There are 4 protein chains.
Amino acid sequence: MDGIASKGKREQTKIQNRALILNAARQVFADLGYGATTVRDIIRATPLASGTFYNYFKSKEEVYQAIRDEVALAIRPRLSDERRKATSVEEFIRCTFRTFFEYVAGDRMNFHTIRHAESTRLRTPEVIAGFEELREDIESAVAKNVFPPLDADFLMAAMVGVAFEVAEQMLKREPLDPEAAADFATGLFIGGVRAIPEAQPATKDSASDVDSHAA
Amino acid sequence: MDGIASKGKREQTKIQNRALILNAARQVFADLGYGATTVRDIIRATPLASGTFYNYFKSKEEVYQAIRDEVALAIRPRLSDERRKATSVEEFIRCTFRTFFEYVAGDRMNFHTIRHAESTRLRTPEVIAGFEELREDIESAVAKNVFPPLDADFLMAAMVGVAFEVAEQMLKREPLDPEAAADFATGLFIGGVRAIPEAQPATKDSASDVDSHAA
Amino acid sequence: MDGIASKGKREQTKIQNRALILNAARQVFADLGYGATTVRDIIRATPLASGTFYNYFKSKEEVYQAIRDEVALAIRPRLSDERRKATSVEEFIRCTFRTFFEYVAGDRMNFHTIRHAESTRLRTPEVIAGFEELREDIESAVAKNVFPPLDADFLMAAMVGVAFEVAEQMLKREPLDPEAAADFATGLFIGGVRAIPEAQPATKDSASDVDSHAA
Amino acid sequence: MDGIASKGKREQTKIQNRALILNAARQVFADLGYGATTVRDIIRATPLASGTFYNYFKSKEEVYQAIRDEVALAIRPRLSDERRKATSVEEFIRCTFRTFFEYVAGDRMNFHTIRHAESTRLRTPEVIAGFEELREDIESAVAKNVFPPLDADFLMAAMVGVAFEVAEQMLKREPLDPEAAADFATGLFIGGVRAIPEAQPATKDSASDVDSHAA
DNA sequence: CATGAATGAGACTTCATTCAT
DNA sequence: CATGAATGAAGTCTCATTCAT
């Protein structure tokens, strides 16, 4: 009795249910942290029945993975593209941070979800691949003498550490100002603490200041 | 008769059992991560009976806290002391990183234990207090014009991020070289990427290079 | 075929399982007493799995409550109705006891279940409300001069005490004879209530009065 | 005086410790009820160590028994003596109740301890023996025609029920007035016992007898 | 597919009791 | 004897997962 049209509805429902679960999971992970969250918690934050969860995901691990990968897939291409276009150390660094902070500002929920997981959950293949891309880009920049010869592992680690920690600070302030965060991080990496621009509303100008300073 | 240092056997056993549990916990947390660890897992890694655990700790949370505070108590005074002695930006930054990396190198297990917890578990009053100390030291350095005027929250976050991430990279390498890690981080903060010394056995020299560079 | 009253199989199972648990609980409480009974004991007296218990009740306390309230709901309306119809002291007392003893005779299991609980478990709001109803009915009977002026609290207590203790004796005998138990209790109270002295210091005289009165 | 009969300090301590445990137990049983009380609770209410408990009692059951029997031993001889001296129905009943209520008034703690236990704990050989004594005294009073011919089991039950329930009411009031409680109970039973029909199949008639009698 | 109750493994925790000191 | 930590059986309860409807 089900015609072709009803199949369309089925598909719709499936997509919608998957989204319901993912959104509920994001919220619950952010609220309770990954470890304390149970599948039941996620389902409870949903109009669906518990069995339905398993039509979409095998476990909370898998939902978490989906969210994490959603993030990785959203941000990695942007980062890669930006960095590929970079022609100087400064551009490389600035666009890496700016892209990251802008993403975080526009998607606090996913960022929180991920921050509240254990680091063992965070460092998964998909995420590590993102880190690796950064490392490789650094290495090739070094090879091309765009970067001075330095330890790519350490630089990658340093950028990741600064990105995540400064992002967290950034989210504590209103209004969100990813540009200022990027200016800060860029200044630091380009010229060290003395090159960091003072925190001001007019960030563009002070940023160029930093440029000349660090150069 | 009883010597001055001698304790009853009971006292000895208690001290030993507490240590047994803490060591088992360190191992298990490092292996499974905080979230996946159960009290049973900790006990099973011990020759003790299940009930004995509860004579020493109320929950895995409490064991974790004990480990975390052990770290905080070991490292915070050292960091404070070092920073208090610092008379220049560079000294401030260098000794912060060096002290941190040396501690981590000498106590990998505790570091891993703590890294593998959820960030919600990590950011506890005791730890936050350590971060705050850093922030306050930065602020007072800014006030004294030792530091240029900058955003102390962001700088604190950046230092924390670099410390933890670079420490993790450092632990992947043999032999452990906390000095090199400190040189890297110090170079970065003092003069930005261009000031980072090349990775070499002779780190002292490149460090002084950086010094003159940054100075 | 499906009649109007037919429910889905799920509904049936739920009703059946609840009954399984309640019956098992009645039996186990009566056998072991409330205090010694564990949730496991109840489940073991059931074909169900341990977790299933918690789909129906939160604790043994809650099952016990359900049983107790089942009794209270079964007996309180009957007692109220009967007493409301009463037009004399004797009717009031007789129907109270008869109704109670007949209920007990028809539902030994629930009575035993309740008797074997601690008195702190027995004296719960629902049950106390039943006692209060009795007390209020006594008071209003006193107000209407159907009863002589007496201490309603004490009379309520006396009736409750006699009802429970005599019921227990009644259940020791075969065949069960609630009518005889009611006759006994009624006789005791009818010959006596008029003789109870008003709550006063000078009881002796009114007491001998009572003697001659009753004789 | 400390004569030959005086006890060693050891003996003193033993007696004292036993008393410490019993008093703590009385308090804790009264507070938490028998079921909810643990040996640990009792020990905690004592300056003693947990192991010491077992030098005096095998289990909480045994402490409870000791308390209960203390009560039974204190009250049974008094009740027996009083009843033996009784030369009339009224004296028999009055002194039974008065002795009981006076004991309860003077030892609320023990009464509460016992009331808060399950009835299965309460109805132990020692206590049942006390009830039996009452029943036997009733029977012998019936045999001597001091009492009319009636059901001794039921009367015993009725007296027990009234005694315990009215005692509880009595304790709710200040000042304690055991005499008033005894007057009430005595009045009830004196005005009534003569009107109780003989235990016979033909209860209706004797019931109407009672009616006309009482009317 | 959605539903949601049943399942039972297993985590957490308490407690009576023992026993070395 | 007193002490009090160790023991481990046993109870409470949760939760991921299954499966009949």
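Just so you know, these numbers come straight off a predicted model, no measurement behind them. So you know, we letter chains A, B, ... as the sequences are listed, proteins then strands, and number each from 1. FYI, side chains are in, hydrogens and waters are out, and symmetry mates aren't considered; it's all heavy atoms of this structure.
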- Message: Just to be sure I understand the rule, does B:Lys60 reach a base, reach only the sugar-phosphate, or reach nothing, if contact means heavy atoms closer than 4.0 Å?
- Response: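 Since no nucleic acid heavy atom lies under 4.0 Å of B:Lys60, the category is nothing.
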
Using whole Å, what does the distance between atom [atom2] of nucleotide [N] and atom [atom1] of [X] come to?
X	N	atom1	atom2	value
D:Phe57	E:dA16	CZ	P	15 Å
C:Ile43	F:dT14	CD1	P	12 Å
D:Tyr54	F:dT7	OH	C1'	13 Å
A:Glu62	F:dA16	CD	C1'	14 Å
A:Gln12	E:dC1	CD	P	13 Å
D:Arg18	F:dA2	CZ	C1'	18 Å

Any side-chain donor near an acceptor of the partner, [X] and [Y], under 3.5 Å:
X	Y	answer
B:Thr38	B:Asp41	yes
C:Tyr34	C:Glu61	yes
B:Thr124	B:Glu126	no
A:Ser50	A:Arg40	no

- Query: Of all the choices, F:dT17, E:dA16, E:dT13, which nucleotide is nearest to the side chain of A:Ser59 once you look at every atom?
  - Reply: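 Nearest to the side-chain atoms of A:Ser59, counting from C-beta on, is F:dT17.
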
- Message: Against C:Arg26, only a single residue in C:Asn110, C:Thr113, C:Asp107 fulfils side chain to side chain donor-acceptor pair (under 3.5 Å); can you say which?
- Response: C:Asn110

- Report the base-pairing partner of F:dT21 (Watson-Crick or G-U wobble, both distances below 3.5 angstrom), or none.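 Checking every strand shown, F:dT21 finds its partner in E:dA2, with both distances under 3.5 Å.
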
- Task: Scan every strand shown for a Watson-Crick or G-U wobble partner of F:dG11, both distances under 3.5 Å, and answer none if you come up empty.
- Result: E:dC12

- Note on the structure: Nucleotide by nucleotide, nucleotides 5-11 of chain E touches protein heavy atoms under 4.0 Å in the pattern (B base, S sugar-phosphate only, - none) BBBBB-S

- Item | Beyond-backbone contact of C:Asp31 with C:Gln27, side-chain heavy atoms, under 4.5 angstrom | yes

